[in-house]
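Working notes for the structure below.
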Amino acid sequence: MKLSAFLKALGPSPVDLPVIYFTDEAAIGAGYHLTELKSAPTTSIDCGGNINHFHEVTLQLLDGSVGKHMTAGKLTKILLHSLKTLPDLDWADVKVEFAPNNEGLQLFLLGEPIVTDFEVRVPLIADGAVCKPAALGGDCVPSLTGSCC
């Protein structure tokens, strides 16, 4: 999900609703901190020897244990300012960096916000490694060991 789509989904939320991010394991603690939004052009070479050029957008969350959840109004204000300042933050789907208890950084996909009368719940969907050539139906030919590398 791109930031503009995320903002659009947040749009009808009352500004004072708490925004609660959650993984399959648990909700991120109240008092979390949105530390950074990153936009980066990336060049890579995959296991099939293909050169790839793409853009990555990352939102980093620091786990919290004290305080309140950020409100929908504050989050919207931060994201609108960030997109105005760095328009390329909308060039790719957002990945979320987060580490439970701030140990062991993990990567998640930003899910569709769920707005209720009491809160905005944002699912963080676990992201895994992928073999790009195989995923694209391309040049990844497994060897005798079962690996394409």
Original post:
Which residue pairs pass the salt bridge (Lys or Arg N to Asp or Glu O under 4.0 Å) test when at least one of the two sits in residues 120-130, sequence neighbours left out?
Top reply: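 Checked against salt bridge (Lys or Arg N to Asp or Glu O under 4.0 Å) - neighbours excluded - the pairs reaching residues 120-130 are K95-D127, E119-R121.
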
Original post:
Centroid-to-centroid, Y21 to Y32, below 6.0 Å?
Top reply: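 Yes, the ring centres sit under 6.0 Å apart.
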
Enumerate donor-acceptor pairs with a distance under 3.5 Å from any side-chain N or O in residues 3-10 to protein atoms, sequence neighbours excluded.
| from | atom 1 | to | atom 2 | distance (Å) |
| --- | --- | --- | --- | --- |
| S4 | OG | D90 | OD1 | 3.2 |
| S4 | OG | D90 | OD2 | 2.8 |

**OP:** Could you list who else is in L105's hydrophobic cluster, with ILVMFWY side chains joined at under 4.5 Å, directly or through other members?
**Re:**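 Direct or chained contacts put L105 with none.
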
Subject >> Connected hydrophobic set around I125, excluding itself, where side chains approach under 4.5 Å >> reply: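 Direct or chained contacts put I125 with L109.
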
Original post:
With a 4.5 Å limit on heavy-atom distance, are the side chains of I20 and I28 in contact?
Top reply: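 No, too far: nothing below the 4.5 Å cut-off.
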
**OP:** Could I get the full list of side chain to side chain donor-acceptor pair (under 3.5 Å) partners for K38, not counting sequence neighbours?
**Re:**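 K38 satisfies side chain to side chain donor-acceptor pair (under 3.5 Å) with E97 once adjacent residues are dropped.
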
**OP:** Just jot down the side chain to side chain donor-acceptor pair (under 3.5 Å) partners of N102, sequence neighbours excluded, or say none.
**Re:**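 Expected list: none.
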
Is a donor on one side and an acceptor on the other found under 3.5 Å between the side chain of [X] and the backbone of [Y]?
| X | Y | result |
| --- | --- | --- |
| N101 | D63 | no |
| T35 | Q60 | yes |
| T116 | F118 | yes |

Original post:
Does NE2 in H81 sit with more than 12 non-hydrogen atoms of other residues, nucleotides or ligands closer than 6.0 Å?
Top reply: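 Counting other residues, nucleotides and ligands, NE2 of H81 stays at 12 neighbours or fewer.
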
Original post:
Do the side-chain N and O atoms of S39 and D88 include a donor-acceptor pair separated by under 3.5 angstrom?
Top reply: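 On atom types as modelled, these side chains qualify, holding a pair under 3.5 Å.
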
